[in-house]
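Right, one structure below, let's go through it.
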There are 2 protein chains.
Amino acid sequence: MGSVPTLSDVARKAGVSLATVDRVINGRPNVKARTTERVRAAMAELDYRPDPLAAGLARRKRYRFVYLLPVGTNAFMMDLANQIGGMSNWLSSNRASAETVFADVFEPGTLARAIDEIDRAVDGAAIIALDHPEVRAAVDRLVGDGVPVVTLISDAPASRRSRFIGIDNPSAGRSAGALMGRFSGGRTGSVAVLVGSLSLRDHVDRCFGFSQAIEREFPRLKILPVRETRDDRSLAQRETVELLQANDDLVGLYNAGGGNVGVAKAICAINGHNRPVVIAHELTPRSIEALKDGSYDAVLAQNPGHEARSAARILLASANGTSVIEEQERIRIDIFIRENLPA
Amino acid sequence: MGSVPTLSDVARKAGVSLATVDRVINGRPNVKARTTERVRAAMAELDYRPDPLAAGLARRKRYRFVYLLPVGTNAFMMDLANQIGGMSNWLSSNRASAETVFADVFEPGTLARAIDEIDRAVDGAAIIALDHPEVRAAVDRLVGDGVPVVTLISDAPASRRSRFIGIDNPSAGRSAGALMGRFSGGRTGSVAVLVGSLSLRDHVDRCFGFSQAIEREFPRLKILPVRETRDDRSLAQRETVELLQANDDLVGLYNAGGGNVGVAKAICAINGHNRPVVIAHELTPRSIEALKDGSYDAVLAQNPGHEARSAARILLASANGTSVIEEQERIRIDIFIRENLPA
DNA sequence: CTGAAAGCGCTTACAG
DNA sequence: CTGAAAGCGCTTACAG
């Protein structure tokens, strides 16, 4: 009738008990094939859909998830950690909770060890990974031990993680290249590229996309050899200053890594008229300020709140057998200029 | 110990029955002040948090929401309607459902009547509104009848709606202006602006922001008188063609309204080298194609899936007394160029 | 003003 | 291989 069919309706229609229907729905063993079929038929006929909220209540299980983040004071990662904290009410009203652990992500061995140390009793893990055999192996061990894993922001593509939650970095690099070309208004000269490390997949992918876009569409721009900053603000500042001094034809600077505090400081120090076009990554207090005061021209970003929540929704869905709205879990490459900064 | 306190724990600690605790939690009448206090104290001491899922189950109530959208074949609105459909599983697993009704939004009287016709038994309404006294009055009547209302995409600011879910249109216009200025690479000339209608707040707000940005930062660009397309593709095409013919110094075109099918067609028809910089709104099949083939340079967008879900979450929260993650409900102004188009 | 009891739609031992 | 019964954490009449 009007009202939604329940387990009891199915049981009655199939002429079996609640427990049996429960067994077939949840794929538990010990049901005769013919019985299974009768139940399936009844479910289909009634268009029965289990109520995940009631199931959660009855299961009296609470789900525990863990997020593995890099140590350090990186503004973006701190933002991410805050966003995870901000979900705690939502999680607990879904009988779940999240714990955050920190590890040195730059060193594969250390990261692998941190992954190995994750409590095998958790119901899911979101890991900021590294594309490295040791890390992949550690992820695979964790998955092998029955813990669903998603990678966050930085992927370990060949591993057994169920998903990667993050942006398409080559596309982000191409976007940076296209903006660089168009913002530099026809000028000819060189363009500098900074990364945290050339052994970080995401940074390298961004470089790759950037070069591709520049070479194909803006041959008037010449890309200088890439420099590494280790995402360190002082190092980033020093590199930027050197770059500015060594290249009087510098038209643009693309910071594909972290260290915006240092980069912005170096840019701010020079005369407004000679400033290169600067494009960087992630919305942080310093990069926002740089967009506002004109030292940065554009910032490419991924939304850490979205990523944190997406990981939680996906892990929760895999824990309690609910489903996910695919469209909602696609992480976009956000482009920010001064004018569309969030209020 | 470890486990989360429940209603029974509170009842036991306060020395009252479950029903009484329920009364104070949900603010129902008929509880002696002293009893209320005892219960409050017990809740505080145990750090009790009600379980909304269990409450939902016990309440045996299903929530009904209605979305009021404009009639017509507008690609963006169709996308929005699809996104609403795509939430049905999520809604039903939250004991809720959404129904979509269509009305002529361009005509205030008709829209007001459609609002008046909304079933007063629904638990919430999301309305694509219009900033007009008649519409405001109709929204206020609906709210007065006890139906929570959010406005979607287009606001009725002075009304009693609880929120507006959409973008900051003046900022979107400013963003368009900034991109227009930077993408036009120093050229001097005129810039055309198209809107659906000058009596639509969002379109006008975009124009306003656009003019502001151009006049302040790119005085080399002269803005032509705004033209109306009624968001109609043939009209939009005709206006674009005329604009191109009448202004041989045309540097850019900003379409702040709909009708991208017509605009893109007109742009495609002209020689690549003489093309103006074109910036438009919303990701639709045609605008995506135009970005890919180079006839459009940038598209500003709001994410209809995000907006549909945000409305649902907010209405659901107000219906069942749960809370919302504010950060998640902020609708961003997306900037798309060819390179960061979603896959 | 307060409480005992039934029930929401499931799952979980346990008995057979 | 199957079912009866208790229980998850709440709310809702109903009785007092």
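Throughout, protein chains are lettered first and strands after them, A, B, ... in sequence-line order, and every chain is numbered starting at 1.
Inter-residue side-chain proximity for D334(B) and Q302(B) is flagged as unmet; no heavy-atom pair is nearer than 4.5 Å.
Of the residues in residues 87-98 of chain B, not one places a heavy atom less than 4.0 Å from an atom of DNA chain C. Non-hydrogen atoms lying under 4.0 Å from DNA chain D are contributed by nothing in residues 31-43 of chain B.
Classification of R332(B) and E307(B) as a salt-bridged pair fails, no side-chain N sitting under 4.0 Å from a carboxylate O. Contact check on R113(A) versus D116(A) returns no salt bridge, with no Lys/Arg side-chain nitrogen under 4.0 Å from an Asp/Glu carboxylate oxygen.
P29(B) comes within 4.0 angstrom of no nucleic acid atom, judged by non-hydrogen atoms across all strands. Among the protein residues, D51(B) comes within range of the sugar-phosphate backbone only, with heavy atoms under 4.0 Å from sugar or phosphate atoms but none that close to a base.
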Review item, side-chain donor-acceptor pairs of residues 65-72 of chain B, under 3.5 Å, at least two apart:
residue	atom	partner	partner atom	Å
Y67(B)	OH	A308(B)	O	2.7
Y67(B)	OH	A312(B)	N	3.3

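Contact annotation: S17(B) does not reach the phosphate of dA4(C) (side-chain N/O to OP1 or OP2, under 4.0 Å).
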Report all interatomic pairs (protein N or O, nucleotide N or O of nucleotides 12-16 of chain D) with separations under 3.5 Å.
none

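Listed by first and then second residue, the salt bridge (Lys or Arg N to Asp or Glu O under 4.0 Å) pairs that reach into residues 25-40 of chain B are D22(B)-R28(B), sequence neighbours excluded.
Secondary-structure annotation of DNA chain C gives the stems C:1-3 with D:14-16, C:5-12 with D:5-12, C:14-16 with D:1-3, with a stem taken as at least 3 successive Watson-Crick or G-U pairs whose two distances both fall under 3.5 Å.
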